[in-house]
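The structure under discussion appears below in the form of structure tokens.
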Amino acid sequence: MPKSPTRDPASQCPSSFPGLLYQNEPLQTEPDDYDDDDLFSDYESASDNLSIASSIRDYIYENGRRYHCYGGEGKYVLPNDEVEQKRLDLMHHIQLMVLGGELHMAPAENPKRVLDCGTGTGVWALDFGDSHPESKVTGVDLSPIQPDWASPNVQFEVDDLEKEWTWPQNHFDFIHIRSICNGIRDYQRLINQSFHHTAPGGWTELSELSFSLVSRDDTISPDTALALYLDCIERGYSTLGIANPNAASMKECMRKAGYVDIEERTFLIPCGPWPKNRKLKDLGATFALVGPAGFEAYGLAAMTRALGMATAEAKELCRRAHADLLNARIHACIPAYYVYGRKPEW
Ligand SMILES: C[S@@+](CC[C@H](N)C(=O)[O-])C[C@H]1O[C@@H](n2cnc3c(N)ncnc32)[C@H](O)[C@@H]1O
């Protein structure tokens with residue numbers, strides 16, 4: 001992981017926040033002028049924002065897990081609770097291992113304006129902001145699960161990326177979209193919007209994990225719990241209308257949107273410490289740590305909401321599928337797709 005500098009919250013406070021009263025400063029007592037008696041008329045729009053702000057925390061509790069509500073109940077089918085947040089941070093670490101410590105593959109050099117779509121815990125945005133102090137990074141997500149204290153060059157917004165984007169067009173020098181397809185019903189439209197908002201000459205990078213696992217030596221036999229789990233996932237997501245893009249389809253989306261110089265790579269991440277190669281073994285061992293939380297995160301809502309399975313049955317299948325991953329005779333890998341492209345200059 002890139003080194004995070006020690007954060008001193010005090011040093012991040014704006015030194016002279018306009019209008020903020022500090023202790024011991026004289027209180028300004030001059031009253032404001034009001035046209036009418038409605039003392040709170042100035043706050044009508046603020047109170048609207050307040051209700052939006054509180055509604056984004058109207059979470060849904062299901063199967064013993066917490067899910068987002070903003071953007072439409074059930075839009076994104078993975079949880080957003082603490083267990084999930086820890087899993088996302090560990091997945092970030094795994095993806096850094098995959099990219100040899102780099103935060104991205106696209107040759108975006110010193111981008112000034114950066115957008116991280118579906119930022120999750122904000123871990124990528126924060127790392128990027130730390131290592132690029134000259135960049136201004138915006139992380140956006142359906143769930144307000146980012147830390148309150150961020151570096152001064154990183155900010156977070158809550159929004160649904162499937163709505164019309166409100167940022168200026170031709171604006172971001174780098175747009176990063178990682179692992180968000182579970183909350184996207186129209187992936188092509190997402191990429192079209194990202195194209196419109198990428199600055200000419202700027203880069204966009206997409207990466208997604210496969211919903212399925214593969215074994216090059218056919219060790220995921222059809223009678224394993226793992227195979228049954230993967231079948232449920234496939235049927236569940238297709239019932240929910242959620243597609244899993246791969247490198248070829250993401251590349252095609254980028255081409256259709258207008259991007260050029262598109263490159264793609266697919267990595268196979270071992271799902272346990274079974275490989276001989278030391279680096280891959282470490283990667284697989286780290287991935288196995290994500291396992292129990294990962295099986296539930298991806299599987300529970302898909303199996304209960306879409307396939308009508310009982311919670312206990314779905315949890316038991318997740319547990320048995322994870323146990324298969326720890327079986328040294330099963331050599332499973334998860335494909336990780338990375339695609340990036342450049343918006344042509346004017
Ligand atoms: C699997 S997490 C990945 C988080 C982060 N990109 C990472 O790689 O660490 C997916 C995130 O995308 C967000 N997401 C999914 N669909 C979204 C949408 N339509 N609009 C905004 N955020 C979305 C989810 O709320 C979730 O936090």
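Atoms within a ligand are numbered from 1 in the order they appear, just like the ligands themselves.
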Whether the H68 and D141 side chains hold a donor-acceptor pair (N or O, under 3.5 Å, no angle test) is what I'd like checked. no
Residue among E208, H92, E205 satisfying side chain to side chain contact (heavy atoms under 4.5 Å, CB included) with R178: H92
Of all pairs that satisfy salt bridge (charged side-chain N to carboxylate O under 4.0 Å, His left out), the ones with a partner from residues 317-338, not counting sequence neighbours: E316-R319
Please list, chain by chain and in numerical order, all residues satisfying side chain to side chain donor-acceptor pair (under 3.5 Å) with N244, sequence neighbours excluded. none
Is it true that, when you exclude E109 itself, more than 12 heavy atoms of the residues, nucleotides or ligands shown sit nearer than 6.0 Å to its CD? no
Give every pair made of an N or O atom of ligand 1 and a protein N or O atom lying under 3.5 Å apart, one pair per line with both atom names and the distance to 0.1 Å, or write 'none'.
residue, atom, partner, partner atom, Å
ligand 1, 6 (N), G118, O, 2.6
ligand 1, 6 (N), R178, O, 2.8
ligand 1, 8 (O), R178, NE, 2.6
ligand 1, 8 (O), R178, NH2, 3.2
ligand 1, 9 (O), R178, NH2, 3.3
ligand 1, 16 (N), G183, O, 3.4
ligand 1, 19 (N), D160, OD1, 2.9
ligand 1, 19 (N), G183, O, 3.1
ligand 1, 20 (N), L161, N, 2.9
ligand 1, 22 (N), L142, N, 3.3
ligand 1, 25 (O), D141, OD1, 2.6
ligand 1, 27 (O), D141, OD1, 3.1
ligand 1, 27 (O), D141, OD2, 2.7

Give me each pair satisfying side chain to side chain donor-acceptor pair (under 3.5 Å) with a member in residues 265-294, each pair once, sequence neighbours excluded. R278-D282
